[in-house]
Amino acid sequence: MLKPGGLLAVIHRAEALPDLLAGLGTGFGAVTVRPVHGLADRPAIRVIVTAVLNSRKPAGLLPAFVINGPDGRLTPESDAVHRGRARLAAYQ
């Protein structure tokens with residue numbers, strides 16, 4: 001469905017990461033993974049995975065996106081994304 005050079009972006013549960021990466025093993029490159037954490041001290045709840053069809057660029061792991069701080073309130077980055085003041089970079 002994608003043209004060569006087309007970008008694929010998937011948001012999925014963190015436990016699906018092995019299957020997502022296996023599915024991108026043929027024909028995709030420039031794969032990036034950005035973990036999404038509900039709280040900084042907990043395991044990721046989601047992953048944002050991007051890939052480019054027919055790219056030869058190596059894979060990368062982006063910094064984690066943390067939704068809530070220790071006080072349970074949105075982190076400054078999360079608040080800015082939720083209010084439309086910032087974008088969540090999901091690829092390199």
Side-chain angles (χ1 to χ4, degrees):
M1 292 284 185
L2 285 177
K3 293 179 182 178
L7 177 71
L8 171 73
V10 178
I11 301 171
H12 211 304
R13 298 174 93 151
E15 58 266 20
L17 184 58
D19 293 331
L20 288 170
L21 295 177
L24 298 172
T26 304
F28 285 90
V31 175
T32 62
V33 177
R34 183 162 190 160
V36 178
H37 295 260
L39 296 166
D41 62 348
R42 303 265 174 92
I45 55 173
R46 298 284 185 271
V47 289
I48 303 171
V49 178
T50 63
V52 177
L53 186 62
N54 293 343
S55 175
R56 293 185 179 199
K57 190 174 178 182
L61 180 62
L62 300 178
F65 179 71
V66 179
I67 298 172
N68 297 299
D71 59 359
R73 302 178 98 166
L74 294 176
T75 63
E77 182 183 17
S78 178
D79 185 60
V81 169
H82 281 85
R83 295 182 188 279
R85 295 190 313 260
R87 291 179 141 193
L88 178 61
Y91 58 93
Q92 297 179 3

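Not measured: the values here are computed from a predicted model.
Under the 4.5 Å side-chain criterion, counting only non-hydrogen atoms from C-beta, V31 is in contact with V49. Counting heavy atoms from C-beta outward, L20 and V33 have side chains that stay 4.5 Å or more apart. The shortest distance between side-chain heavy atoms of L2 and F28 falls below 4.5 Å.
Applying the salt bridge (Lys or Arg N to Asp or Glu O under 4.0 Å) test to pairs two or more places apart or on separate chains, those with a residue in residues 24-40 are R34-E77.
Closest approach of A64 to H37, counting heavy atoms only: CB-CD2, 3.4 Å. Of all heavy-atom pairs spanning L61 and P35, the tightest one is CD1-CD, 4.2 Å. The minimum heavy-atom distance linking P4 with N54 is given by the pair CB-ND2, 3.3 Å. Taking both residues in full, the closest heavy atoms of A44 and A14 are given as O-CB, 3.4 Å, listed atom of the first, atom of the second, then distance. Closest of all the heavy-atom pairs between G69 and L39 is O-CD2, 3.5 Å.
V47 and V66 fall into different hydrophobic clusters, where Ile, Leu, Val, Met, Phe, Trp and Tyr side chains are chained together by heavy-atom contacts under 4.5 Å.
R85 meets the side-chain contact (heavy atoms from CB on, under 4.5 Å) test with D79, A80, R83; sequence neighbours excluded.
L74 belongs to a hydrophobic cluster whose other members, connected by ILVMFWY side-chain contacts under 4.5 Å either directly or through intermediates, are I11, V36, I45, I48, F65, I67, V81, L88.
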Legend entry - Derivation and outcome, side-chain contact (heavy atoms from CB on, under 4.5 Å), residues R46 and R13: CA-CA 4 Å; R46 298 284 185 271; R13 298 174 93 151; 3.7 Å; yes
